[in-house]
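Notes follow once the structure below has been shown.
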Amino acid sequence: MYNHQTIEKKWQKIWVETGAHKTGVAKGKPKYYVLDMFPYPSGAGLHVGHPKGYIATDILARLKRMQGYNVLHPMGWDAFGLPAENYAIKNKLHPRKATEKNIATFKKQINLLGLSYDWDLEISTIDPAYYKWTQWAFLQMWKKGLAYESFEPINWCPSCKTGLANEDLEGGLCERCGSLVEQKPMRQWVLRITDYAERLLNDLEKLSGWEETIKEMQRNWIGRSEGAEIDFAVIGGDRSIKVFTTRLDTIFGCTYIVLAPENSLVEALQDKIKNWPAVKRYITETKNKTDLQRTDLNKAKTGVILDGLTAINPFDKTAVPIFVADYVLNSYGTGAVMAVPAHDIRDFEFAKKYGLRIKTVILPVNDIAQESEAYLADGRLILSGEFSGLDSADARVKMVDWLENNKTGARKVNYKIKDWVFSRQRYWGEPIPIIHCAKCGVVPVLESELPVVLPEVKSYEPTGTGESPLAAIKDWVNIKCPKCGGPAKRETNTMPQWGGSCWYYLRYIDPNNNKALVDKKLEKYWSPVDFYVGGAEHATRHLIYARFWHKFLFDIGAVNYDEPFTKLRQVGLIMGEDGRKMSKRWGNVINPDDIAARYGADALRVYEMFMGPFEQAVNWNTNGLTGARRFLEKIEKLSVTFVAPEKEDEEALSLLHKTIKKVGEDIESFNFNTAISALMILANKLTDYNNQNNYSSVSSESFFSLLKILSPFAPHLAEEIWEKLGHKKSIFKSSWPEYDPELIKDKTINLVVSVNGKVRATLEVPVDIKEADALALALQNANIKKWLEGKEIVKNIFVPGKLLNIVVK
RNA sequence: GGUCCAGUGGUGGAACUGGUAUACACGCAGCACUUAAAAUGCUGUGCCGUAAGGUAUGUGGGUUCGAUUCCCACCUGGACCACCA
């Protein structure tokens with residue numbers, strides 16, 4: 001038994017006093033940048049699930065330091081944003097006070113676990129010296145035309161009283177508070193992330209260190225589709241209708257056109273709509289629907305015809321009716337579609353309901369088409385003029401050529417990703433550094449005037465007016481125009497939380513730089529982040545936003561690399577013992593402080609890494625901790641009872657070297673569970689030997705190697721034993737042991753002998769045994785003889801070093 | 001509906017590139033130590049069977065000397081997206 005409380009307190013104190021975790025910058029050493037996604041310091045504090053990723057990166061950081069790297073391993077706070085602000089409002093505390101308090105709690109909890117962060121580099125997004133550069137980057141985007149004002153309807157959360165980006169929704173609900181999100185037209189700042197869509201997509205190919213699942217999620221989110229934009233001339237109107245389609249091969253089956261209710265063409269027809277009360281009513285009804293109601297897949301499709309208007313199919317010149325229907329989204333493509341009911345489920349459903357014509361123009365090449373539903377797959381074209389007889393894929397190419405030759409359409413690529421709604425009508429965020437002048441319009445704040453500091457307000461609750469609470473501070477809002485000197489007003493919207501987290505990993509490199517976003521020499525040394533770890537929930541938000549921001553910084557020459565994160569791993573959640581997410585609501589929260597106090601931080605670290613594969617969600621099980629604790633005690637006991645042998649035991653020594661190899665490899669590949677399992681097997685072996693002999697199996701040098709490979713997992717205990725065994729300098733100043741390739745080679749193996757694929761014997765033989773010798777040995781084996789009796793040997797399969805399979809009949 | 005992932009003992013899980021399935025740990029049972037309990041140590045532990053042996057990686061097929069691993073179909077669960085034309 002060891003007293004974890006004494007040991008852990010002691011070493012945590014020593015590490016601080018000796019500056020053990022200061023970032024190394026020794027010359028001639030390679031660099032390694034290990035980073036956690038920095039947390040929002042919410043009011044609830046940490047539960048045992050939060051540190052899982054931090055423990056993993058800590059193990060990696062400690063390994064890399066011992067391997068002789070200069071390691072950058074920092075931590076900071078994503079402290080602006082709705083959660084912090086909502087917490088502050090609820091608890092009647094100023095957001096800054098609340099945030100500071102939460103940061104203190106988080107930091108205390110993190111430090112209990114013996115994590116080796118360099119706290120000298122700590123940053124916080126709410127620090128004006130930090131957000132100066134968030135604002136600076138925004139201004140650079142504005143200069144390049146990537147930040148613009150828009151008046152389109154956007155997602156509006158009536159409870160948080162702010163506009164939200166598409167990425168902030170979960171199934172039509174506000175991701176923060178769960179309220180039904182409305183569509184509300186309002187002025188807002190938007191970042192043109194769509195300009196980067198192609199690069200964000202293509203450069204995923206470069207990211208071989210990312211898990212395929214995350215890349216796939218980003219591909220889906222960006223949602224690239226190739227197709228054609230087609231002009232349909234309108235009879236009875238002065239404008240043509242543009243539609244986007246990926247299925248140009250089906251155009252001869254187009255029997256009507258549908259416009260989204262918000263389509264600008266519908267607006268342009270205002271005069272006519274006056275005479276169409278049904279249309280007017282339909283549009284009003286649609287506007288009153290929430291996004292959730294509108295996109296409910298179960299509801300029947302509705303729509304209304306634009307009487308008297310027809311559109312002309314450029315291919316066959318047929319006239320088709322035009323409808324307005326809310327199953328068409330204005331935000332995608334042109335907000336208008338050519339409806340091909342025979343080959344699209346949605347159009348099929350709509351056509352059935354309104355009795356519209358269904359014209360089949362694609363026949364399956366092999367199967368038989370069913371008449372009761374739309375045929376969606378590719379096939380062979382019929383009733384399609386000169387294109388009849390072609391296969392779909394071929395037809396799409398020829399038909400788009402035809403469109404371009406006839407100037408009635410063109411090739412077109414569309415993306416699902418939308419521009420990033422970047423303003424929030426809330427207090428707790430970075431002020432957008434823009435001034436509105438009555439004469440000059442939008443004027444940027446001078447770079448020399450940055451940061452625009454978030455002023456103190458009396459009431460920081462959201463107003464719901466489309467302005468943030470900042471609008472109420474007259475002497476802050478009213479300002480002279482930097483261009484003409486006339487009266488002007490500051491922008492009162494603030495940035496979303498995702499702004500500050502787009503570039504924080506650069507700030508750690510150079511946390512006090514007030515002259516530039518980052519010193520380029522330092523950035524060149526440390527960038528990119530070698531290993532990045534965080535939750536899967538950031539796959540399509542933070543990780544897309546940060547890649548976009550970083551590419552922009554690269555384009556303006558502020559950084560040297562165009563992808564910020566080389567390797568990326570996601571942490572699997574730790575669920576409650578009941579299998580539900582840990583939450584106050586279910587009363588299943590396990591607090592890391594309690595566990596560390598009772599079982600020790602080292603046991604907690606070992607247990608969390610041993611629970612299962614790193615990426616996978618696992619249920620917490622306090623019983624499982626005893627296994628981790630027993631393992632640590634076994635090691636401690638080995639150290640206390642250590643007696644150096646005259647000669648090392650060969651088997652134990654070989655196992656040690658195999659374990660050194662495995663643990664090093666497993667840490668780098670994040671297979672912590674198998675690394676710990678290997679350490680346990682080694683500890684068990686050494687313990688067994690000690691129990692059977694009066695001395696230990698390996699030399700003290702070898703035992704030190706065991707301590708070293710244990711140390712990233714259980715740093716406190718490893719330090720303590722290391723010191724007790726006579727070392728003056730920290731174990732983390734020692735170097736990671738090398739395994740001896742000769743020692744890990746097996747001299748003999750257990751050769752499996754099977755008859756017809758069933759194992760009948762295992763023979764201990766030299767590793768390099770030849771087939772003939774193996775067969776001769778096998779044929780002498782009594783059990784094998786029994787199975788071969790009366791049978792004829794057809795052939796033998798021999799896998800050197802593994803098995804011999806005798807096939808009989 | 002789309003995209004992706006997974007399914008192995010009572011439980012968490014392991015198994016390299018197709019080559020001894022169930023490593024390691026929890027739990028459980030028995031034993032030792034103890035006045036007793038806890039702790040610790042030892043032994044056992046997929047299922048059927050006294051054993052020999054048989055059988056087992058969601059289900060059903062296939063390829064193979066040999067399949068948890070590869071292929072096809074289905075069932076179940078999860079993640080993300082979702083009227084994206």
Side-chain angles (χ1 to χ4, degrees), chain A residues 1 170-172 211-221 223-225 227 243-247 250 258 260 294-299 301 325-329 331-340 343-347 349-350 376 414-418 536-537 539-540 570 572-573 606-607 610-613 615-628 630-631 633-634 637 671 673-684 687-688 691 750-762 783 786 794-799 801-809:
Chain A
M1 274 294 268
E170 264 174 15
E211 285 163 284
E212 201 47 46
T213 49
I214 297 187
K215 291 203 269 187
E216 199 55 33
M217 276 163 75
Q218 292 211 348
R219 281 187 200 110
N220 289 340
W221 189 264
R224 182 183 196 273
S225 19
V243 304
F244 173 75
T245 182
T246 55
R247 290 299 305 273
T250 65
V258 194
R294 247 187 95 167
T295 55
D296 182 1
L297 291 169
N298 297 321
K299 92 173 183 216
K301 297 197 172 11
D326 66 5
Y327 79 90
V328 172
L329 305 175
S331 52
Y332 184 76
T334 60
V337 302
M338 61 173 216
V340 184
H343 305 292
D344 181 283
I345 319 170
R346 298 150 302 179
D347 299 339
E349 196 187 313
F350 190 80
L376 306 178
N414 257 320
Y415 301 94
K416 280 197 227 176
I417 193 171
K418 293 176 191 167
E537 69 274 21
T540 52
Q570 45 180 338
L573 288 177
V606 168
Y607 173 61
F610 184 62
M611 285 173 89
E615 284 82 5
Q616 194 176 299
V618 250
N619 294 352
W620 179 263
N621 178 6
T622 301
N623 278 338
L625 266 164
T626 56
R630 277 179 200 155
F631 159 66
E633 273 170 14
K634 214 172 254 185
K637 205 165 166 192
N671 294 118
N673 55 337
T674 50
I676 291 168
S677 152
L679 283 165
M680 285 171 166
I681 291 169
L682 178 63
N684 290 346
T687 303
D688 282 353
N691 289 344
N750 289 322
L751 184 80
V752 172
V753 182
S754 54
V755 178
N756 281 355
K758 292 210 187 278
V759 179
R760 299 303 177 188
T762 57
N783 202 37
K786 195 178 104 191
V794 180
K795 64 170 166 174
N796 300 304
I797 311 278
F798 182 67
V799 182
K802 287 224 166 97
L803 67 83
L804 173 69
N805 186 20
I806 302 170
V807 185
V808 297
K809 116 180 140 176

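Everything numeric in this text was worked out from a predicted model, so none of it was measured. Naming convention: chains lettered A, B, ... in sequence-line order (proteins, then strands); numbering from 1 in each chain.
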For B:rG54 and A:Arg760 - does any side-chain N or O of the residue sit under 4.0 Å from the phosphate oxygens OP1/OP2?
yes
> Counting heavy atoms not belonging to A:Ile345, are there more than 12 under 6.0 Å from its CD1?
Replying inline: no
Result for 5'-nearest mapping on RNA chain B, choosing between A:Ser331 and A:Val807, is A:Val807
For A:Lys786, answer base if it contacts any base atom (sugar-phosphate contacts may also be present), sugar-phosphate if it contacts only those atoms, and nothing otherwise; contact means non-hydrogen atoms under 4.0 Å. sugar-phosphate
Rounded to the nearest 0.5 angstrom, the CG-OG1 distance for A:Leu804 and A:Thr762 is 12.5 Å
Answer with yes or no whether A:Asn805 presents, from its side chain, a donor or acceptor under 3.5 Å of a partner atom in the base of B:rC65.
yes
For B:rG77, the nucleotide meeting Watson-Crick or G-U wobble distances (both under 3.5 Å) is B:rC5
* Taking only side-chain nitrogens and oxygens of A:Asn684, does any of them come within less than 4.0 Å of OP1 or OP2 of B:rA25? -> yes
A:Ser225 and A:Asn414: side chain donor to acceptor below 3.5 Å: no
d(A:Met338 CE, A:Thr245 OG1) to nearest 0.5 Å is 4.0 Å
Note: for A:Asn756 and A:Pro613 on RNA chain B, the residue whose nearest nucleotide lies more 5' is A:Pro613
message = Classify A:Val258 by what it touches in the nucleic acid, base, sugar-phosphate, or nothing, heavy-atom distance under 4.0 Å.
response = nothing
Exercise. Check whether any side-chain N or O of A:Lys758 sits under 4.0 Å from OP1 or OP2 of B:rG54, and answer yes or no.
Key: no
query: For B:rG19, does either OP1 or OP2 sit under 4.0 Å from a side-chain N or O belonging to A:Ser754?
result: no
Expressed in whole Å, how much space separates the C1' atoms belonging to B:rG60 and B:rU76? 15 Å
- Task: Describe the nucleic acid contact of A:Val799 in one word from base, sugar-phosphate, nothing, applying a heavy-atom distance below 4.0 Å.
- Result: base
Do any side-chain nitrogens or oxygens of A:Arg630 fall under 4.0 Å of OP1 or OP2 in B:rC26? yes
*If you measure from the C1' atom in B:rG30 to the same atom in B:rC80, how many Å do you get, rounded?*
50 Å
To the nearest angstrom, the CG-P distance between A:Asn673 and B:rU11 comes to 18 Å
If we take the C1' atom in both B:rU22 and B:rU45, what is their distance in whole Å?
-> 12 Å
In this structure, OG1 of A:Thr540 is separated from CD of A:Gln218 (nearest 0.5 Å) by 7.5 Å
(request) With P as the reference atom in both, quote the distance from B:rC48 to B:rA56 in angstrom, rounded to an integer. (result) 15 Å
key: Side-chain donor/acceptor contact of A:Lys416 with base of B:rC81 under 3.5 Å   = no
Taken to the nearest whole Å, CD1/A:Ile676 to P/B:rG13 is 15 Å
Taken to the nearest 0.5 Å, the spacing of A:Leu751 CG from A:Phe798 CZ works out to 6.0 Å
**Phosphate-side-chain proximity, A:Asn619 and B:rU11, N/O vs OP1/OP2 below 4.0 Å** = no
*asked:* Measuring to OP1 and OP2 of B:rC16, would you say a side-chain N or O of A:Lys802 lies under 4.0 angstrom away?
replied: no
Regarding the side chain of A:Tyr332, the nearest nucleotide among B:rG13, B:rC83, B:rA85 is B:rA85
Quiz item: How would you label the contact of A:Ile681 with the nucleic acid (heavy atoms, under 4.0 Å): base, sugar-phosphate, or nothing?
Solution: sugar-phosphate
- Task: Describe the nucleic acid contact of A:Val752 in one word from base, sugar-phosphate, nothing, applying a heavy-atom distance below 4.0 Å.
- Result: base
| task | Sticking with atom P, work out how far B:rU8 lies from B:rU69, rounded to a whole angstrom. | result | 13 Å
